[in-house]
Student: 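Structure below; questions to follow.
Naming: A, B, ... by sequence-line order, numbering from 1 per chain.
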Amino acid sequence: RLRKWQRRIRVSNATERNLAFALSELDRMASALGLPRNVRETAAVIYRDAVDKNLIRGRSIEGVAAAALYAACRQCSVPRTLDEIAEVSRVSRKEIGRTYRFISRELGLKLLPTSPIDYVPRFCSGLSLKGEVQSRAVEILRQAGERELTSGRGPTGVAAAAIYISSILSGERRTQREVAEVAGVTEVTIRNRYKELAEKLDIEIIL
Amino acid sequence: MHGTPEESLKIENIVASAKVTDSLDLPTISSRIPGADYDKKRFPGVVIRMKDPKIAALVFGSGKVVLTGAKSVESLSQGLEILGGKLRDLDIEIDEHLTYTIQNIVTSADLGKPINLNKIAIGFNLDRIEYEPEQFPGLVYRLEEPKVVVLLFGSGKLIITGGKKPEDARLAVRKIITDLSNLGLL
DNA sequence: ATCTTACTTTGCAAAGC
DNA sequence: GCTTTAAAAAGTAAGAT
């Protein structure tokens with residue numbers, strides 16, 4: 001009797017200890033990425049749901065925590081790329097992505113693919129671009145979406161190209177190199193995307 | 001670059017397994033067959049590449065073999081016979097009638113026109129669908145019947161994999177067309 | 001700036017770590 | 001899960017020219 005009782009206490013302690021570790025991990029990563037409180041709380045909810053459904057079996061606490069944070073960022077419309085999450089995690093991008101797909105399916109998160117529009121505020125502030133430039137970039141992306149110019153393209157690259165174009169149209173030009181830097185894509189990608197957007201949306205870029 | 005989606009079906013690769021005998025001495029095989037790669041620390045099988053048909057074979061000590069790269073069932077048979085011949089040339093006893101089991105067939109196809117992957121993902125309510133353009137440009141659609149996986153691209157090109165029979169790809173394309181049509185996305 | 005090479009994803013078997 | 005093989009799709013990346 002006593003042993004059974006003690007085991008329950010041990011299991012309980014281990015469970016609580018693991019949860020505490022996971023939550024501190026979420027906080028550490030969220031801080032490193034400068035994420036707001038609501039994202040951390042959303043990630044914590046996702047992590048707890050994963051624990052309640054025994055989705056941790058065979059997976060590391062760190063991996064599930066990183067995947068939960070990745071999912072939370074998307075759910076809160078302040079996406080971080082898998083590479084950015086991986087940079088502040090001990091787990092590889094591949095493992096985080098794999099775990100994300102697993103918990104996403106098991107918890108029925110049903111997250112739509114990240115919209116390039118969700119990256120605009122962050123990238124623009126990183127480039128010190130004002131609201132007008134952001135609005136114009138968002139409008140370009142809205143039209144790009146309707147014209148099927150985003151199918152299969154990386155959201156960050158399309159967002160970067162739209163911001164590049166918008167900055168020029170607004171008279172607050174940022175170089176391809178500057179935009180590429182904050183968006184985490186190469187200048188070649190911005191070049192390819194912006195040429196396509198300009199051509200198909202009939203936008204005249206005067207350099 | 002035309003015709004119906006079904007006419008565009010093309011087998012790109014066939015993976016098959018076979019058993020040619022009960023046991024093989026890999027060191028001997030790798031040293032006596034020109035171009036054979038063998039590094040037990042790296043992988044437990046000997047890699048033997050044939051040029052016509054262009055097929056790669058993984059030969060194991062158990063006498064089992066894996067053939068990859070064939071673009072038709074006929075060339076797959078030829079490849080297995082050629083492999084058997086090479087081993088017999090080394091005075092190794094190889095089964096008289098070699099048989100194989102197709103494990104996977106990769107087929108390409110073309111719907112003929114661009115498709116909106118975002119709308120497809122939404123149309124299916126994410127059921128059996130995976131679409132992460134940040135990671136890969138193709139939308140992954142898992143079919144239950146036939147049991148294959150289809151990669152759909154914005155261009156309308158498709159890759160059907162996981163099937164064991166050539167006709168699985170044809171059935172898959174028909175289903176894709178039916179599903180997309182019902183959703184008004186084709 | 002453009003070319004080449006290469007990696008992402010999918011499916012599968014083999015023997016062994 | 002990984003290792004090795006093969007091949008396509010389209011996007012992105014990296015190093016060389």
Student: Please list, by residue number, the residues of residues 116-148 of chain B whose heavy atoms come closer than 4.0 Å to an atom of DNA chain C; answer none if no residue qualifies.
Tutor: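 Close to the strand are B/Gln135, B/Phe136, B/Arg142.
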Student: My validator wants the stems of DNA chain C: runs of 3 or more consecutive Watson-Crick or G-U pairs, both distances under 3.5 Å, written as range with range.
Tutor: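 Result, WC/G-U stems under 3.5 Å: C:1-10 with D:8-17, C:13-17 with D:1-5.
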Student: For D/dT3 and C/dC7, measure between their P atoms and round to the nearest Å.
Tutor: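 Nearest-Å result for D/dT3 against C/dC7 at atom P: 12 Å.
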Student: Which residues in residues 148-160 of chain A have a heavy atom closer than 4.0 Å to any atom of DNA chain D?
Tutor: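 Of all residues in residues 148-160 of chain A, the ones placing a heavy atom under 4.0 Å from DNA chain D are A/Gly152, A/Arg153, A/Gly154.
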Student: For a 4.0 angstrom threshold against heavy atoms of chain B, report the outermost contacting nucleotides of DNA chain D in 5' to 3' order.
Tutor: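 Contact boundaries, 5' end first: D/dT3 to D/dG11.
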Student: Which residues within residues 170-186 of chain B lie with some heavy atom under 4.0 Å of an atom in DNA chain C?
Tutor: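 Close to the strand, none.
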Student: If you find the nucleotide of DNA chain D closest to B/Val47 and the one closest to B/Gly154, which residue's nucleotide is nearer the 5' end?
Tutor: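 By nearest-heavy-atom nucleotide position, the 5'-most residue is B/Val47.
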Student: List in numerical order all residues of residues 8-40 of chain B for which some heavy atom is under 4.0 Å away from an atom belonging to DNA chain D.
Tutor: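 Nucleic-acid contacts, sorted: B/Glu12, B/Asn13, B/Val15.
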Student: Tell me what B/Ser155 touches on the nucleic acid: a base, only sugar-phosphate, or nothing, going by heavy atoms under 4.0 Å.
Tutor: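 It contacts sugar-phosphate atoms only.
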Student: When the P atoms of D/dG1 and C/dT9 are compared, how many Å lie between them, rounded to an integer?
Tutor: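 Per the computed distance, 13 Å lies between those P atoms.
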Student: Using a heavy-atom distance cut-off of less than 4.0 Å, which residues of residues 65-76 of chain B contact DNA chain D?
Tutor: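 Going residue by residue through residues 65-76 of chain B, the ones with a heavy atom under 4.0 Å of DNA chain D turn out to be B/Thr68, B/Gly69, B/Lys71.
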Student: Just to be sure I understand the rule, does B/Ser108 reach a base, reach only the sugar-phosphate, or reach nothing, if contact means heavy atoms closer than 4.0 Å?
Tutor: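 B/Ser108: no heavy atom of the nucleic acid under 4.0 Å.
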Student: Both B/Arg49 and A/Lys94 contact DNA chain D. Which one's nearest nucleotide lies toward the 5' end?
Tutor: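 First, find each residue's nearest nucleotide; the 5'-ward one identifies A/Lys94.
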Student: Which pairs, with at least one residue in residues 177-195 of chain A and sequence neighbours excluded, count as a side chain to side chain donor-acceptor pair (under 3.5 Å)?
Tutor: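 Matches after skipping sequence neighbours: A/Thr175-A/Glu178, A/Gln176-A/Arg191, A/Thr186-A/Thr189, A/Arg193-A/Glu196.
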Student: What parts of residues 200-207 of chain A reach DNA chain D, counting only heavy atoms under 4.0 Å away?
Tutor: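 Contacting residues: none.
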Student: Please enumerate all residues that pass side-chain contact (heavy atoms from CB on, under 4.5 Å) together with B/Leu183, with sequence neighbours excluded.
Tutor: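 Listed in chain order: B/Phe124, B/Leu185.
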Student: For A/Arg142, is the CZ atom crowded, meaning more than 12 foreign heavy atoms sit under 6.0 Å from it?
Tutor: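 Enclosed.
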Student: For A/Arg59, report the nucleic acid contact type (base, sugar-phosphate, nothing); a contact means any heavy atom under 4.0 Å.
Tutor: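 Since no nucleic acid heavy atom lies under 4.0 Å of A/Arg59, the category is nothing.
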Student: Have a look at A/Gly97 and say if it touches a base, only the backbone sugar-phosphate, or nothing, with a 4.0 Å heavy-atom cut-off.
Tutor: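 No contact.
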Student: Could you work out the separation of C/dC3 and D/dA7 based on their C1' atoms and round it to a whole Å?
Tutor: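 That atom pair is separated by 23 Å.
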Student: Check every nucleotide of DNA chain C for an atom under 4.0 Å from a heavy-atom of chain B, then give the first and the last such nucleotide from 5' to 3'.
Tutor: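 Using the under 4.0 Å cut-off, the span is C/dT8 to C/dA15.
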Student: Count the heavy atoms of every other residue, nucleotide or ligand shown that sit under 6.0 Å from CZ of B/Arg88, and state whether that count exceeds 12.
Tutor: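 Yes, the 6.0 Å shell around CZ holds more than 12 heavy atoms from other groups.
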Student: Counting only heavy atoms and a strict 4.0 angstrom limit, can you tell me which residues of residues 50-64 of chain B come near DNA chain D?
Tutor: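 Only B/Lys54, B/Ala56, B/Leu58 qualify.
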